[in-house]
**Student:** 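Structure below; questions to follow.
Values reported hereafter were calculated over all heavy atoms of this structure, with side chains retained and with hydrogens, waters and symmetry mates removed.
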Amino acid sequence: MKRVLIFALMVFWATGISGQIHLEKYNFGEGLQFTGDSGYKMQLDGYIQPYLETRKFSNSDDLYNRFRMRRFRVRLSGTSENEKFKYRLQVDLSGSTEADVDESGNTMLLDGFVSYDIDDHYTVTFGQKATPTDNLELGMSSQTLQLPERSRVTSVFSSIREFGLFIDASYKIRGTDVHIKPSLAITNGDGMNVFKKDRGGLKYGGRINVLPLGLFRNFGQFRQGDMMRELTPKLLIGFTYSYNNGISDRRGRETGSILYLDADGNEALPDYEKFGIDMLFKYKGFSLLGEYVKANAHVGDDITQRVRTDGSVTPDFAINGIQDVGNYIKNRMMLGSGFNLQAGYIFKNLWSVDARYTHLKADQYSYLNNAAFYARPNYYTVGITKYLGKNYGAKIQLAGTYVDADPTATDNDGILINGHEWIGTLVFTVGF
């Protein structure tokens, strides 16, 4: 009911000020664009994604089917007359997380921020938004994904969205077509929608994107698939790093789910460090995305107790029959590395074929070894997409994924898979 109310309030607000602004244009899949008498601009857009998923494990002939609304996004954004100030409000009414794995929480509010362009080179943003310290795929709109879902690297290591201060810059090397785009972020380090106690310290990080062959057309850097069919090769190479000072979950995506204490009963939390390298290439309908992420943990000597899920406290850190505080804590965090490589080609008749390979390598002590949700090192995906127009407004996507499971991996009933699993996905995207 709350989701419907928020959506209704957004529509009411947009239509209620129609006497002050005028509808400038509407493009299917790109939203309604308004212009005010004073030059103020506003845009209202969104999309829905009905979704079907089917799973089959090698230890059984049973199929596990899941029907749902994968995403239902509504976004309101605008700029001031001189376009110095910008804002965005985006909500998801489906209740699903972007990663959609082993976690849940308040996921309705996605973006809520204001930005100010200091000059042609620098922009400062305050609020909640996608963080530049995640892998490149997280900076790409969900409506434009080549395959029905993001890669497993994203679901394992990303924090998705965070609240804080963001500084973005853009430079062009004189006499060349080389662009350099650095970004800095200082955030809460607890993911999005932190409406309760903020635990731990801050998260510091940044990204540097280098575009040696010029800029992508029509925001192609933030969209998968080469819908624009770049006339000349375009390339982006990115480097990211972040250090989260005190996290209270597996990777800094939420707050308060995993807590530790020192000898005096004060909170003492481990730190989480992450770095990555990624690239994006597009040319005449072909696109190639590559990503690598590595995550480490730093556990302080002051941690002597842990808080159980029922709120009780214990000094027990036994793992493999040995009291080992450091490795016990690491075993509950997303530690290890992963890389994702995906490519696709959009034909002129708006059919697309795509393929992806994702590999995860867990540290010896890491939650990536969890038998139910992870313990699956290799993912092979192929897909086909039919775009119903020369944009991302409407499309139908079908994909199949072969998952190479670890011998310890289990199915939904906790039974050893003993081999592999198949995942089939079908999604229909309609924008407005």
**Student:** Just checking, any donor-acceptor pair under 3.5 angstrom between side chains of Asp226 and Tyr283?
**Tutor:**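 Per modelled atom types, Asp226 and Tyr283 side chains form no pair under 3.5 Å.
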**Student:** Check salt bridge (charged side-chain N to carboxylate O under 4.0 Å, His left out) between Arg217 and all other residues, then give those that pass, not counting sequence neighbours.
**Tutor:** Glu230
**Student:** Are side-chain N/O atoms of Glu273 and Tyr241 paired as donor and acceptor at under 3.5 Å?
**Tutor:** yes
**Student:** So do Asp363 and Leu368 actually touch side chain to side chain, heavy atoms under 4.5 Å?
**Tutor:**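 Not touching, per the 4.5 Å side-chain cut-off.
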**Student:** Find out whether the Lys NZ or Arg CZ of Lys129 is both under 6.0 angstrom from the six-membered ring centre of Phe166 and within 45° of the ring's axis.
**Tutor:** yes
**Student:** Under a 3.5 Å distance rule, please check whether Asn209 uses its side chain to pair with a backbone N or O of Leu236 as donor and acceptor.
**Tutor:** no
**Student:** Is Asp413 reaching over with its side chain to a backbone N or O of Ile415, donor-acceptor style, under 3.5 angstrom?
**Tutor:**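 No; judged by distance alone, with no hydrogens or angles, the pair does not exist.
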**Student:** Tell me whether the count of non-hydrogen atoms from other residues, nucleotides or ligands lying under 6.0 Å of CG in Asp61 goes above 12.
**Tutor:** no
**Student:** Can you tell if the side chain of Tyr87 reaches within under 4.5 Å of the side chain of Met42, non-hydrogen atoms only?
**Tutor:** yes
**Student:** Got a sec, which residues hit side-chain contact (heavy atoms from CB on, under 4.5 Å) with Phe239, two or more places apart in sequence or on another chain?
**Tutor:**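 For Phe239, the residues satisfying side-chain contact (heavy atoms from CB on, under 4.5 Å) (neighbours in sequence not counted) are Ile237, Ile277.
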**Student:** Between Arg152 and Glu137, is there a salt bridge with N-O shorter than 4.0 Å?
**Tutor:**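 Arg152 and Glu137: not salt-bridged.
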**Student:** Is there side-chain contact between Thr408 and Asn369, with heavy atoms separated by less than 4.5 Å?
**Tutor:** no
**Student:** side-chain hydrogen bond (donor to acceptor under 3.5 Å, both in side chains) between Ser142 and Arg150: does it pass, once the steps are laid out?
**Tutor:** CA-CA 8 Å; Ser142 301; Arg150 298 185 188 272; 2.9 Å; yes
**Student:** The criterion is side-chain contact (heavy atoms from CB on, under 4.5 Å); which residues satisfy it with Phe339, sequence neighbours excluded?
**Tutor:**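 Partners of Phe339 under the side-chain contact (heavy atoms from CB on, under 4.5 Å) test: Tyr292, Tyr357, His359.
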**Student:** Is the shortest side-chain heavy-atom distance between Met227 and Asn218 below 4.5 Å?
**Tutor:**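 No, every pair of side-chain atoms sits at 4.5 Å or beyond.
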**Student:** Using atom types as modelled and distance alone, determine if a side-chain donor or acceptor of Tyr392 lies under 3.5 Å from a backbone N or O of Gln224.
**Tutor:** yes
**Student:** Applying the side-chain contact (heavy atoms from CB on, under 4.5 Å) criterion to Lys330, which one of Val299, Asn296, Asp324 satisfies it?
**Tutor:**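 With Lys330 as partner, side-chain contact (heavy atoms from CB on, under 4.5 Å) holds for just one option, Val299.
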**Student:** Is Arg332 positioned over the aromatic face of Tyr367, cation under 6.0 angstrom from the ring centre and no more than 45 degrees off axis?
**Tutor:**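 Not satisfied by the 6.0 Å and 45° rule.
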**Student:** My understanding is that only residues two or more places apart in sequence, or in another chain, count here; which of them pass ring pair (Phe, Tyr, Trp, His ring centres under 6.0 Å) with Tyr272?
**Tutor:** none
**Student:** Hey, are Asn340 and Asn135 close enough side-chain-wise for a donor-acceptor pair under 3.5 Å?
**Tutor:** no
**Student:** Taking atom NE2 of His179 and atom CG of Leu211, what is their separation to the nearest 0.5 Å?
**Tutor:** 7.5 Å
**Student:** Name the residue from Phe163, Tyr116, Phe85 that meets the ring-ring contact (aromatic ring centres under 6.0 Å, His included) definition with Phe126.
**Tutor:**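 Answer to the ring-ring contact (aromatic ring centres under 6.0 Å, His included) test with Phe126 among Phe163, Tyr116, Phe85: Phe163.
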**Student:** Ala372 and Asn370: which non-hydrogen atoms are nearest, and at how many Å?
**Tutor:** N-OD1, 3.1 Å
**Student:** Output yes when a side-chain donor or acceptor of Arg71 lies under 3.5 Å from a complementary backbone atom of Tyr47, and no otherwise.
**Tutor:**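 Flag not set: sc Arg71 to bb Tyr47 has no pair under 3.5 Å.
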**Student:** Would you say Ser248's side chain and Gly256's backbone share a donor-acceptor pair under 3.5 angstrom?
**Tutor:**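 Checked: pair present.
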**Student:** Rounded to the nearest 0.5 Å, what separates atom NZ in Lys395 from atom NZ in Lys386?
**Tutor:** 13.5 Å
**Student:** What is the minimum heavy-atom distance between Leu147 and Asp354, and which atoms define it?
**Tutor:** CD2-CB, 4.0 Å
**Student:** In chain order, what residues pass the ring pair (Phe, Tyr, Trp, His ring centres under 6.0 Å) check against Tyr328, with sequence neighbours excluded?
**Tutor:**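 For Tyr328, the residues satisfying ring pair (Phe, Tyr, Trp, His ring centres under 6.0 Å) (neighbours in sequence not counted) are Phe317.
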**Student:** Heavy-atom count check: over 12 atoms from other residues, nucleotides or ligands less than 6.0 Å from Leu235 CG?
**Tutor:** yes
**Student:** To the nearest 0.5 Å, tell me how far Leu76 CG sits from Asp111 CG.
**Tutor:** 11.5 Å
**Student:** Can Lys41 and Glu83 be counted as an ion pair, charged N to O under 4.0 angstrom?
**Tutor:**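 Result for this pair is yes, salt bridge flagged.
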**Student:** For Pro50 versus Met69, what's the shortest heavy-atom pair and its separation?
**Tutor:** N-SD, 3.7 Å
**Student:** With Thr54, which residues qualify under side-chain contact (heavy atoms from CB on, under 4.5 Å), at least two apart?
**Tutor:** Leu52, Leu63, Asn65
**Student:** Could you tell me the separation between the CD atom of Gln143 and the CZ atom of Arg73, rounded to the nearest 0.5 Å?
**Tutor:**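 Atom-to-atom, Gln143:CD and Arg73:CZ are 10.0 Å apart.
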**Student:** With salt bridge (Lys or Arg N to Asp or Glu O under 4.0 Å) as the rule and sequence neighbours excluded, what pairs involving residues 276-292 come up?
**Tutor:** Arg207-Asp278
**Student:** Any donor and acceptor pair, going by atom type alone, linking the side chain of Thr240 with main-chain N or O of Gly206 inside 3.5 Å?
**Tutor:**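 Between the backbone of Gly206 and the side chain of Thr240 there is no qualifying donor-acceptor contact (under 3.5 Å).
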**Student:** Over all heavy atoms of both residues, which pair between Ala409 and Tyr374 is shortest? Give the atoms and the distance, please.
**Tutor:** CB-O, 4.4 Å
**Student:** Can you confirm whether Ile118 sits close enough to Val124 that some side-chain heavy atom of one is under 4.5 Å from a side-chain heavy atom of the other?
**Tutor:**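 They are in side-chain contact.
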**Student:** Any luck finding a side-chain donor-acceptor pair between Ser151 and Gln342 under 3.5 Å?
**Tutor:**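 Short answer, no.
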**Student:** Would the distance check show the side chain of Thr187 and the main-chain N or O of Gly164 forming a donor-acceptor pair, the cut-off being under 3.5 Å?
**Tutor:** no
**Student:** Say whether Ser242 and Asn244, considering side chains only, have a donor N or O and an acceptor N or O under 3.5 Å apart.
**Tutor:** no
**Student:** Run the ring-centre check on Phe347 versus Tyr345 and record whether the distance is less than 6.0 Å.
**Tutor:**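 That pair passes the under 6.0 Å test.
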**Student:** Any side-chain heavy atom of Tyr243 sitting closer than 4.5 Å to one from Asp271?
**Tutor:** yes
**Student:** Check whether any side-chain heavy atom of Asp134 sits under 4.5 Å from a side-chain heavy atom of Ser159, and report yes or no.
**Tutor:**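 The answer is yes; the side chains approach within 4.5 Å.
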**Student:** Between Gln397 and Gln146, is there a donor-acceptor pair closer than 3.5 Å when you use the side chain of the first and the backbone of the second?
**Tutor:** yes
**Student:** Which residues pass the side-chain contact (heavy atoms from CB on, under 4.5 Å) test with Thr314, sequence neighbours left out?
**Tutor:**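 side-chain contact (heavy atoms from CB on, under 4.5 Å) list for Thr314, sorted by chain: Arg306, Arg308, Asp316.
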**Student:** Is a donor on one side and an acceptor on the other found under 3.5 Å between the side chain of Arg229 and the backbone of Ile346?
**Tutor:**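 Answer holds: yes.
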**Student:** Who passes ring pair (Phe, Tyr, Trp, His ring centres under 6.0 Å) against Tyr402, sequence neighbours left out?
**Tutor:**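 His420, Trp422.
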**Student:** Can you list every salt bridge (Lys or Arg N to Asp or Glu O under 4.0 Å) pair that touches residues 366-384, not counting sequence neighbours?
**Tutor:**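 As it turns out, the salt bridge (Lys or Arg N to Asp or Glu O under 4.0 Å) pairs with a partner in residues 366-384, which skip direct neighbours, are Arg376-Glu421.
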**Student:** In residues 425-432, what donor-acceptor pairs under 3.5 Å come from side-chain atoms, sequence neighbours left out?
**Tutor:**
unit_1	atom_1	unit_2	atom_2	d
Thr429	OG1	Gln49	NE2	2.9

**Student:** Using atom types as modelled and distance alone, determine if a side-chain donor or acceptor of Ser60 lies under 3.5 Å from a backbone N or O of Phe57.
**Tutor:**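 Judged by distance alone, no pair lies under 3.5 Å.
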**Student:** Do Phe216 and Met228 make a side-chain contact, defined as non-hydrogen atoms from C-beta onward lying under 4.5 Å apart?
**Tutor:**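 No, too far: nothing below the 4.5 Å cut-off.
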**Student:** Which heavy atom of Asp168 sits nearest a heavy atom of Ser183, and at what distance?
**Tutor:**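 Taking every non-hydrogen atom into account, OD1-OG, 2.7 Å.
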**Student:** Under the ring pair (Phe, Tyr, Trp, His ring centres under 6.0 Å) test, which residues partner Phe286, sequence neighbours left out?
**Tutor:**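 Scan of Phe286 (ring pair (Phe, Tyr, Trp, His ring centres under 6.0 Å), adjacent residues dropped) gives none.
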**Student:** Could you measure the distance from the OG1 atom of Thr125 to the CG atom of Asp117? Nearest 0.5 Å is fine.
**Tutor:** 8.0 Å
**Student:** Quick one: CE on Met333 to CG on Asp249, what's the gap to the nearest 0.5 Å?
**Tutor:**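 Those atoms lie 8.0 Å apart.
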